[in-house]
There are 2 protein chains.
Amino acid sequence: MESQKKKSGNKYDSSSALLQGVGLRPTKQRLALAGWLFDGCDKHVTAEHAYAAAAKRRSSISLATIYNTLNIFTTAGLLRQVVIDGGHIYFDTNTSAHHHLFDEKKRLLTDIPASAVRLARLPKLPSGTTLSRVDVVLRVQSRS
Amino acid sequence: MESQKKKSGNKYDSSSALLQGVGLRPTKQRLALAGWLFDGCDKHVTAEHAYAAAAKRRSSISLATIYNTLNIFTTAGLLRQVVIDGGHIYFDTNTSAHHHLFDEKKRLLTDIPASAVRLARLPKLPSGTTLSRVDVVLRVQSRS
DNA sequence: GTGTTTGCAAAGTGTTTGCAATTTA
DNA sequence: TAAATTGCAAACACTTTGCAAACAC
């Protein structure tokens with residue numbers, strides 16, 4: 001069994017291309033994380049989630065590297081940070097404009113497409129400022 | 001019916017009444033904090049802000065008590081927590097429905113009246129959940 | 001080879017907690 | 001007096017950082 005097929009479009013190749021596309025070296029740890037994060041399903045992950053996922057996939061990555069990598073991916077524009085509560089930083093694999101729904105009981109964060117919310121009126125901004133973005137968070141309580 | 005018997009209505013008295021109204025003992029530390037927090041101007045404070053403000057007003061309160069008290073006030077409904085970034089918990093003296101504007105450069109949080117934002121459409125919620133609230137945060141960048 | 005990345009442990013930040021002393025009702 | 005509150009320091013959870021070894025180009 002000599003080699004990985006060089007079939008184009010497999011996850012390994014596309015992660016590698018993704019990383020190189022933003023100027024990051026495709027190291028083993030980054031490829032493992034990217035392969036999991038960018039598998040086509042939008043995710044909201046904390047460092048602990050990513051750490052656990054890496055461990056489960058038998059590619060153990062130190063927690064420090066997880067943090068570093070998530071931050072590097074964010075700076076590179078591959079992830080976006082979502083602040084929901086004080087305790088954790090969530091990283092969202094969906095970097096396009098959209099909103100969030102947060103289940104306060106289950107602590108579960110899900111996406112809301114931008115089109116599902118219409119902001120019909122916004123206040124004028126203080127002078128000297130430009131709008132960076134508008135975050136809408138629907139907080140829900142799930143009945144137990 | 002009882003009417004306002006004392007016209008004095010000074011800050012100390014009203015803070016005391018405020019605390020007793022929600023079943024909290026009006027201790028020196030709580031009165032000092034409440035007198036500053038509920039002076040009529042809406043505020044967004046962190047524990048450090050409150051600590052510094054207390055020190056400046058010569059009523060030194062330990063940081064642990066500041067944290068405890070802010071949390072107790074929040075539970076009592078006198079304050080509301082606002083999550084803006086991972087690093088700090090902001091407590092808002094305005095507990096009625098409204099939104100926020102956050103200057104990412106100055107790290108300054110200000111209120112937006114609920115009426116200044118119109119949410120013309122919201123998605124339907126997952127079944128088994130009820131809307132607890134909708135938070136809208138306008139993030140702005142101030143030019144330097 | 002040379003510069004980058006990793007991983008460990010240590011440090012840092014913001015918040016909470018255990019508990020004796022103090023204060024309130 | 002009994003119960004609640006305070007303040008210190010220690011504990012805490014999460015995140016970042018310093019640096020030697022490992023790795024990518």
Side-chain angles (χ1 to χ4, degrees), chain A residues 4 12-13 15-35 44-52 54-55 57-76 78-79 81-91 107 109, chain B residues 12-13 15-35 44-55 57-76 78-79 81-91 107 109:
Chain A
Q4 293 286 94
Y12 194 91
D13 281 350
S15 292
S16 191
L18 184 70
L19 295 180
Q20 285 174 326
V22 294
L24 295 176
R25 287 191 180 177
T27 67
K28 192 153 53 91
Q29 292 85 343
R30 288 174 181 174
L31 286 169
L33 268 175
H44 299 92
V45 309
T46 63
E48 286 295 341
H49 290 154
Y51 186 61
R57 290 158 58 94
R58 287 183 246 89
S59 48
S60 83
I61 305 174
S62 83
L63 198 47
T65 298
I66 296 278
Y67 275 105
N68 282 332
T69 306
L70 291 175
N71 285 329
I72 287 167
F73 282 7
T74 301
T75 303
L78 300 176
L79 294 173
Q81 274 190 222
V82 184
V83 178
I84 284 296
D85 60 9
H88 297 269
I89 301 175
Y90 283 82
F91 295 87
R107 310 191 63 71
L109 185 62
Chain B
Y12 192 91
D13 282 352
S15 291
S16 192
L18 183 71
L19 294 180
Q20 286 174 324
V22 295
L24 294 177
R25 288 190 180 177
T27 66
K28 191 153 51 88
Q29 291 86 343
R30 287 174 184 174
L31 286 169
L33 268 176
H44 299 92
V45 309
T46 63
E48 286 296 341
H49 291 154
Y51 185 62
R57 290 157 58 94
R58 287 185 249 89
S59 49
S60 84
I61 305 175
S62 83
L63 197 49
T65 297
I66 297 276
Y67 275 106
N68 282 332
T69 306
L70 291 174
N71 284 328
I72 287 167
F73 283 6
T74 301
T75 303
L78 300 176
L79 293 173
Q81 274 189 220
V82 184
V83 178
I84 286 296
D85 59 11
H88 298 267
I89 300 176
Y90 282 82
F91 294 87
R107 309 190 64 72
L109 185 63

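Within every chain, numbering begins at 1; the chains are lettered A, B, ... in the order of the sequence lines, protein sequences first and strands thereafter.
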(request) Check if the side chain of A:Arg25 and the base of C:dT5 share a donor-acceptor pair of N or O atoms closer than 3.5 Å. (result) no
(request) For B:Ile89, report the nucleic acid contact type (base, sugar-phosphate, nothing); a contact means any heavy atom under 4.0 Å. (result) sugar-phosphate
(message) Just the rounded figure in Å: distance from P of D:dA13 to NE2 of A:His49.
(response) 16 Å
(request) Return the nucleotide paired to C:dT15: Watson-Crick means purine N1 to pyrimidine N3 with N6-O4 or O6-N4, wobble means G-U with N1-O2 and O6-N3, both under 3.5 Å. (result) D:dA11
(request) Return yes if some donor-acceptor pair links the side-chain N/O of A:Thr74 with the main-chain N/O of A:Leu70 below 3.5 Å, else return no. (result) yes
(request) Could you pick out which residue, B:His88 or A:Leu63, lies toward the 5' side of DNA chain C when each is mapped onto its nearest nucleotide? (result) A:Leu63
(request) Figure out the CD1/P separation between B:Ile72 and D:dT5, and round it to whole Å. (result) 6 Å
(request) Could you tell me whether a side-chain N or O of B:Arg30 sits under 3.5 Å from a main-chain N or O of B:Thr69, the two making a donor and an acceptor? (result) no
(message) Under the side chain to side chain contact (heavy atoms under 4.5 Å, CB included) test against A:Phe73, which residue among A:Leu18, A:Asn68, A:Leu79 passes?
(response) A:Leu79
(message) Output the rounded distance in Å from CG (B:Leu19) to C1' (D:dT5).
(response) 13 Å
(request) For the pair A:Val45 and A:Tyr90, evaluate side-chain contact (heavy atoms from CB on, under 4.5 Å) and give the outcome as yes or no after the intermediate values. (result) CA-CA 5 Å; A:Val45 309; A:Tyr90 283 82; over 6 Å; no
(request) Grab the CG-C1' distance between A:Leu31 and D:dC23 for me, whole Å please. (result) 13 Å
(message) Between P on C:dT17 and CD1 on B:Ile66, what's the gap in Å once rounded to a whole number?
(response) 17 Å
(request) Please tell me which of the listed nucleotides, D:dT17, D:dC25, C:dT17, lies nearest to the side chain of B:Asn68? (result) C:dT17
(request) Look at the side chain of A:Arg30 and decide which nucleotide, out of C:dT5, C:dA25, D:dC8, has an atom nearest to it. (result) C:dT5
(request) State which of C:dA25, D:dA9, C:dT6 makes the closest approach to the side chain of A:Thr65. (result) C:dT6
(message) Taking the minimum atom-to-atom distance to the side chain of A:Gln29, which one of C:dT6, D:dG7, C:dG14 wins?
(response) C:dT6
(message) Just to be sure I understand the rule, does B:Asn71 reach a base, reach only the sugar-phosphate, or reach nothing, if contact means heavy atoms closer than 4.0 Å?
(response) sugar-phosphate
(message) Regarding B:Thr27, tell me which of base, sugar-phosphate or nothing describes its non-hydrogen contacts under 4.0 Å with the strands shown.
(response) sugar-phosphate
(request) Measure the distance from OH on B:Tyr67 to P on D:dC12 and round it to the nearest whole Å. (result) 18 Å
(request) For A:Ile61 and D:dA22, give me the distance from atom CD1 to atom C1', rounded to whole Å. (result) 15 Å
(request) For the pair A:His44 (side chain) and A:Leu109 (backbone), establish whether a donor and an acceptor sit closer than 3.5 Å, ignoring hydrogens and angles. (result) yes
